[in-house]
Amino acid sequence: MIADLRKYQAELEIQNKALRYSQQEAEGASERFATLFSSVPLALMVVDEEGLVLASNAMALRLFQPLESDPPLNFLLPFVGPDHADEVAVSFLSAKSSGASEVSEVVFQSGAQGTFTGDLHIARIENPQDDLAHFICAIIDQGPLLAQRLALQESAAVLVQSNEDLLVSETRMAAIINSSLDAILCVDESLCISVFNPAATRLFGCSAKSAFGSPLSRFLPEVEKLLKQGSVAAQAMLGEYPATTLQGEHIFVEISVSQESATGTPQHGSSAITTLFARDLTASKRAEAQRLALETQLRESQKMQAVGTMAGGIAHDFNNILSAILGNVELAKQDTAAQSGALVSLDEIEKAGRRARDLVRQILTFSRNEPARRTPMRLSEVVHETVRLVKVTVPPGVEIRVLEAPDCATVLADATQVEQALLNLCTNAILAVGQTKGLVTIALGNTLLDFPECSRVGVPPGHYVDLSVQDTGSGMSQSTLQRIFEPFFTTRQVGQGTGLGLSVVHGIMKTHQGGIDVHSTPAQGSIFHLYFPTCDEAVPVADEPPAPAPAVHGQGRHVMYVDDDQALVFLVERVLRRKGFTVTSFTDPLEAQAALAERAQDFDLLVTDYNMPGFSGVDLLRAAKALRADLPVALASGYVTPEIEKSAFEAGASALVYKPNDVNELCETVQRLILGGHAD
């Protein structure tokens with residue numbers, strides 16, 4: 001029995017040791033749990049199923065009660081935001097039944113004012129000493145993660161917006177490139193084409209698909225050489241360069257360049273992306289050529305206008321001189337015996353004077369703007385008459401040949417002007433042949449002018465009579481051809497021509513609504529075509545020759561003659577007095593006006609020059625009509641325009657006398673006006 005007791009005592013001692021060891025281990029585990037519970041970097045709480053906080057660590061207190069004045073952490077649910085209270089309560093029930101539960105991103109109250117967001121993890125723990133379930137709750141603060149996530153979301157939104165902006169920018173840029181009127185080409189570092197817009201397709205005649213990957217030299221070889229040299233600035237206007245289309249056609253374009261590196265910053269020399277802008281200069285060059293042509297035409301027009309103004313200005317004085325010369329020659333011939341040797345000299349003087357008068361008429365024909373007095377006619381008569389005049393002066397080595405179609409159409413023309421134009425062309429042709437043997441051919445026939453020939457000649461399309469003069473002479477260069485219609489331009493030596501012939505021909509064709517065309521080759525000759533528009537009017541029957549003019553007998557009738565040229569006044573006095581007129585002459589129109597005011601009834605006729613210094617003949621005409629309305633008045637001028645003619649007849653003029661005229665013609669006009677007639 002004692003042995004049993006000792007044995008039992010030994011067992012009790014062993015059990016006591018085990019119990020003390022277990023107690024020590026339990027106490028150590030409790031201490032380790034408490035240490036872990038308090039130092040873990042998570043908010044930990046022990047909460048029963050009624051929400052009572054049985055224990056909480058420092059992290060939990062820092063989150064829920066950051067200040068001592070904040071409400072104490074006694075119950076968990078009052079610290080849950082109203083939006084998550086129900087969800088947290090349901091989660092506790094779920095943890096009680098299943099052992100664990102969690103709620104994400106719950107908003108908790110942090111003290112009296114603040115809030116924080118955290119994930120709530122709930123785990124049920126054994127509690128044999130109480131009927132209420134206990135839970136350990138871990139709260140993970142999600143603030144930093146949420147901030148980071150928000151930042152990532154904002155970054156993602158910014159990135160999405162940037163991508164959208166980039167897409168819009170690319171779309172806009174593509175629209176600009178595709179709608180550009182200039183050709184746009186982009187090349188990479190190896191100068192191979194990567195962008196080829198529709199304008200480039202049209203300019204170079206090559207599709208974009210075919211152009212992609214091609215070297216720039218395929219279209220712009222000179223530009224490629226320049227880019228390879230590396231001396232082109234990032235933004236530069238290169239200027240005009242030749243280009244080649246896919247079909248091999250050579251054109252000119254204006255090139256500007258923009259260079260960027262792969263990062264988009266401008267670089268000099270070695271760029272990853274080069275954009276070329278090519279502007280087609282075909283239209284601008286055509287416009288420039290047209291502008292130069294129009295400027296040339298304008299200069300020619302101004303020259304013609306200037307010469308016309310000059311011709312009108314000098315015609316007055318020149319006609320007075322010629323009238324005095326021819327009139328005095330006529331008087332001298334009347335006073336010279338038929339057998340006198342002086343008659344030969346007088347005849348030569350008269351011939352020279354008439355040639356000078358013809359020259360003045362050429363100038364006036366060139367300068368006058370009034371339409372020619374044209375009548376229906378056939379040009380064959382004019383051709384034969386001109387040939388008859390030309391053959392008198394043709395050198396022995398020059399042959400004149402006439403080719404005439406039998407059915408030439410009728411034209412509206414002034415025979416005198418056509419003869420003058422043809423005579424000028426024949427004279428030039430004979431001089432072009434010179435002293436060598438040659439041929440001058442005058443051809444007359446019908447022709448039809450259509451586009452583009454009529455555009456070159458400057459006449460509308462239609463039927464024309466072609467009067468041409470062709471020679472086998474020296475011909476003309478291109479530079480001479482461009483100037484042959486300029487007034488006073490001549491290739492002859494001094495004294496052999498005035499340079500007005502072709503200008504007069506040009507003016508005559510304009511007044512006839514026709515055109516002139518010239519073809520010439522140096523050393524092979526020239527051909528001039530005069531195109532007269534046809535008409536359907538019948539050629540009038542030739543009138544009978546007019547009866548000879550009656551003899552002039554002044555019978556003492558009193559004529560007042562007014563002209564600022566003393567020589568002409570002296571001549572007219574002598575001529576009219578020989579015919580039996582009484583003449584009172586004045587070189588000052590104001591003195592003539594004063595004489596009319598004193599004795600207007602003493603005069604039977606007033607003849608006055610139109611253009612006098614400081615006083616117009618029309619002014620004297622009006623003054624004379626105011627003093628005596630029935631007094632016949634004749635106006636004399638060497639330059640009569642439609643405006644002058646209209647103003648003269650509106651003021652009451654009875655006749656217009658053209659200078660220079662024959663003295664007999666002047667006497668007949670004076671007598672007709674005095675007898676009550678009107679001179680045309």
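No experiment lies behind these values; they were computed from the predicted model shown.
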TODO: May I ask you to decide if I527's main-chain N or O and D517's side chain share a donor-acceptor pair within less than 3.5 Å?
DONE: no
TODO: Measure the shortest side-chain to side-chain distance between P242 and E222 over non-hydrogen atoms and say whether it is less than 4.5 angstrom.
DONE: yes
Task: Nearest-0.5 Å distance that lies between atom CD in Q148 and atom CG in L152 - done: 5.5 Å
Task: Spacing of OG belonging to S101 relative to NE2 belonging to H121, to within rounding of 0.5 Å - done: 10.0 Å
Task: E170 CD to I177 CD1 distance, which is reported to the nearest 0.5 Å - done: 10.5 Å
- [ ] Show your working on side chain to side chain contact (heavy atoms under 4.5 Å, CB included) between I251 and T245 and close with a plain yes or no.
- [x] CA-CA 8 Å; I251 59 176; T245 65; 4.1 Å; yes
Task: Heavy-atom side-chain proximity of L191 to K228 below 4.5 angstrom - done: yes
Open item on the list: Between T521 (side chain only) and Q524 (backbone N and O only), is there a donor and an acceptor less than 3.5 Å apart?
Closed with: no
Task: side-chain hydrogen bond (donor to acceptor under 3.5 Å, both in side chains) evaluation trace for S258 with Q235 - done: CA-CA 5 Å; S258 174; Q235 308 289 332; 3.0 Å; yes
Open item on the list: Can a donor-acceptor pair be found, under 3.5 Å and without considering hydrogens, that links the side chain of S210 to the backbone of C206?
Closed with: no
Open item on the list: When you measure from the side chain of S91 to the backbone of V88, do you find a donor-acceptor pair of N or O atoms at a distance under 3.5 Å?
Closed with: no
Open item on the list: Is it the case that over 12 heavy atoms from other parts of the model lie below 6.0 angstrom from the CG atom of N163?
Closed with: yes
TODO: Would you indicate whether the side-chain heavy atoms of N57 and L61 approach each other to under 4.5 Å?
DONE: no
Open item on the list: With a 3.5 Å distance limit and no angle check, can you tell me whether T171 reaches the backbone of L167 through a side-chain donor-acceptor pair?
Closed with: yes
Open item on the list: Does I125 have more than 12 heavy atoms from other residues, nucleotides or ligands lying within 6.0 Å of its CD1?
Closed with: yes
Open item on the list: Could you check whether any side-chain N or O of D70 sits under 3.5 Å from a backbone N or O of L67, counting only pairs where one atom can act as donor and the other as acceptor?
Closed with: yes
Task: For the student: nearest non-hydrogen atoms of L227 and L276, plus distance - done: CD1-CD2, 4.3 Å
Task: CG on N74 to CZ on F64, rounded to 0.5 Å - done: 12.5 Å
- [ ] Show your working on side chain to side chain contact (heavy atoms under 4.5 Å, CB included) between T274 and C186 and close with a plain yes or no.
- [x] CA-CA 6 Å; T274 302; C186 291; over 6 Å; no
Task: Heavy-atom check, side chain of V232 versus side chain of Q259, under 4.5 Å - done: yes
TODO: Would you sort out whether M45 and F135 count as a side chain to side chain contact (heavy atoms under 4.5 Å, CB included), showing the intermediate values?
DONE: CA-CA 8 Å; M45 294 177 290; F135 305 93; over 6 Å; no
Open item on the list: With a 4.5 Å cut-off on side-chain heavy atoms, are E105 and L146 touching?
Closed with: yes
- [ ] Using the side-chain contact (heavy atoms from CB on, under 4.5 Å) rule, pick out the option among T447, L530, T534 that qualifies with V465.
- [x] T534
TODO: Before giving the answer on side chain to side chain contact (heavy atoms under 4.5 Å, CB included), spell out for V80 and V106 the whole-Å C-alpha distance, their side-chain angles and the decisive distance to 0.1 Å.
DONE: CA-CA 7 Å; V80 177; V106 179; 4.0 Å; yes
Open item on the list: If we count only N and O atoms by modelled type, under 3.5 Å, do the side chains of T282 and D280 hold a donor and an acceptor together?
Closed with: yes
Open item on the list: Looking at D450, I want to see if its CG is surrounded by more than 12 non-hydrogen atoms of other residues, nucleotides or ligands under 6.0 Å.
Closed with: yes
Task: Point-to-point distance, once rounded to the nearest 0.5 Å, from CD1 of I184 to CE of M173 - done: 8.5 Å
Open item on the list: How close do P71 and F79 get, counting heavy atoms only, and between which atoms?
Closed with: O-CZ, 3.8 Å
Task: Pair D466-H529, side-chain donor/acceptor within less than 3.5 Å - done: yes
Open item on the list: Taking the ring centre of each residue, are F219 and Y241 less than 6.0 Å apart?
Closed with: no
Open item on the list: With rounding to the nearest 0.5 angstrom, report the SG to CD1 distance, C137 to I122.
Closed with: 5.0 Å
TODO: State, yes or no, whether a side-chain contact exists between V257 and F277 at a heavy-atom distance under 4.5 Å.
DONE: no
Open item on the list: Can you tell me if E164 has over 12 outside heavy atoms packed within less than 6.0 Å of its CD?
Closed with: yes
Open item on the list: Strictly distance-based, threshold 3.5 Å: is any side-chain N or O of H506 a donor or acceptor partner for the main-chain N or O of L502?
Closed with: no
- [ ] Compute whether any side-chain donor of one residue and acceptor of the other, for Q142 and D119, lie under 3.5 angstrom apart.
- [x] yes
Open item on the list: In the structure I gave you, are the side-chain heavy atoms of S468 and F528 within less than 4.5 Å of one another anywhere?
Closed with: no
- [ ] May I ask you to check whether over 12 heavy atoms, not counting those of E11, lie within 6.0 Å of atom CD?
- [x] yes
Open item on the list: Between Q247 and G205 (side chain of the first, backbone of the second, donor and acceptor by atom type, cut-off under 3.5 Å), is there such a pair?
Closed with: yes
- [ ] May I ask you to decide if D165's main-chain N or O and S169's side chain share a donor-acceptor pair within less than 3.5 Å?
- [x] no
- [ ] Salt-bridge test for R149 and E154: reply yes if a basic N is under 4.0 Å from a carboxylate O, no otherwise.
- [x] no
Task: Greater than 12 external heavy atoms within 6.0 Å of R218's CZ - done: yes
Open item on the list: I'd like to know if the side chain of N446 reaches the main chain of H463, judged simply by a donor and an acceptor atom lying under 3.5 Å from each other, with no hydrogens or angles considered.
Closed with: no
Task: Flag side-chain contact, heavy atom, 4.5 Å: T244 against H250 - done: yes
Open item on the list: Determine whether the aromatic ring centres of residues F116 and F108 are separated by less than 6.0 angstrom.
Closed with: yes
